Each structure stands twice: as structure tokens, then as C-alpha cells.
Amino acid sequence: MSDPQSIRWLSLGIVTGVAALAVWAFSDSRGKRSEPGNAEAEVGRVAARFEIRRPGTSAERIVVEDGSVLGRARDCAVPFADAAVSKWHARLHCDGAVTSIEDLGSTNGTFVNGQRIETPTPLRRGDRIGLGTNQIVFLGLARVGRAT
């Protein structure tokens, strides 16, 4: 193994293996990996549908799962490029038939229908959530995932 070319190929193999392992480990930053045999993951999970209205852009519709974080950080499920939004601003919870939002100690607050919230607040269809200059409209529940 003292041949320089052999050492290069071995080093390349090790680096490639470590890189592949790192990509696999960090591929799902929210930790929502489905376990084999998990009936909830196979049948579908409850999620919520929203319409996001960002200043200067057309409205977009999204589906978010339980525990999704909204904020300015890149690893948020719903990122905002708005200085008035904290890095980790608010978290959505989808628990059966109830979807709620909680403020994560943001600087400028989270608003539901114009009222600043201090505790996790249940949402009803049509409720408007304010994060900085962005408006988010709750459209209702959705199911994600497919039966296998």
C-alpha cells in the first residue's frame, strides 16, 4: 500500500463514503423519518393547508406538517426573507382535527386575526396569521403520505 496512486484511490473512497454518510444523516433536518411499519406514516399524517401572501409576490399555497417552524432561518419549514420575522418565529401544531400556532418568543410577535398571541392558539378556517409583513391564511386540514 505504499504506492501513491493506491493511497489516492483509498483516500478518495473514504472521503466519498464519509460525504455520503453526511448527506444521508442530514437529509431530513426536521427529524421526520418514517419508521418501517409505522401505520401513521404509511396511511398518512394530518397536515394543514395555508395560503402565504408575501409583499410584492403572488400568493402561494403550501401544506405543512405538525411541528413545522416558520421563520427567517434557512432550516425552517416555511422560510421568510423578512427582517421583521425572527429566525425561529412560530411553530404549527396539527393534532387530529385541531391546528394551532404558537409564538416562539419572537421579537415582533405572532398575530392571529390582528391580535397578538401569547399562548398556543387554535386556528379556524379563514384565520389570518401575521408574521412581520407577511399574511398567512389557514385553509384547513390536509392528509399527507400514501398507503404502501
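Fair warning: this is a prediction, and the values are worked out from it, not measured in the lab. FYI, the numbering just counts along the sequence from 1.
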Student check: side-chain heavy atoms of [X] and [Y] closer than 4.5 Å:
X	Y	answer
Leu70	Ile136	yes
Glu102	Leu104	yes
Arg49	Leu141	no
Glu60	Ile62	yes
Pro55	Asn134	yes
Phe80	Ile52	yes
Thr119	Ile117	no
Leu92	Phe50	yes

Please check if the side chain of [X] supplies one atom and the backbone of [Y] the other of a donor-acceptor pair under 3.5 Å.
X	Y	result
Ser68	Glu65	yes
Asp95	Val98	no
Arg128	Val137	no
Thr99	Cys94	no

Counterpart residues, side chain to side chain donor-acceptor pair (under 3.5 Å), relative to Asn108 (two or more places apart):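 For Asn108, no residue satisfies side chain to side chain donor-acceptor pair (under 3.5 Å) once neighbours in sequence are set aside.
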
Once side chain to side chain donor-acceptor pair (under 3.5 Å) is applied, do any residues pair with Arg53, and if so which ones, sequence neighbours excluded?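 If we apply the side chain to side chain donor-acceptor pair (under 3.5 Å) test to Arg53, skipping adjacent residues, the hits are Glu51.
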
To check you understand the geometry: which heavy-atom pair defines the closest contact between [X] and [Y], and what is its length?
X	Y	value
Leu131	Asp82	O-OD2, 4.2 Å
Ala142	Val63	CB-CG1, 4.2 Å
His89	Gly109	NE2-O, 2.8 Å
Ala84	Gly132	CB-CA, 3.7 Å
Thr110	Ala90	OG1-CB, 3.9 Å

Gap between atom NE2 of His93 and atom CG of Leu123 - 0.5 Å precision: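 So the gap between those two atoms works out to 10.5 Å.
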
Say you draw a straight line from CD of Gln135 to CD1 of Ile129; how long is it, rounded to the nearest 0.5 Å?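 Going from CD on Gln135 over to CD1 on Ile129, the span is 9.0 Å.
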
Run the numbers on Ser100 and Thr121 for side-chain contact (heavy atoms from CB on, under 4.5 Å), then give the verdict. CA-CA 5 Å; Ser100 60; Thr121 302; 5.8 Å; no

Do Ile101 and Phe111 belong together in a cluster built from hydrophobic side chains that touch within less than 4.5 Å?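 No: no chain of side-chain contacts under 4.5 Å links Ile101 to Phe111.
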
More than 12 heavy atoms from other groups under 6.0 Å of CZ on Arg116: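 Result for CZ/Arg116: enclosed.
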
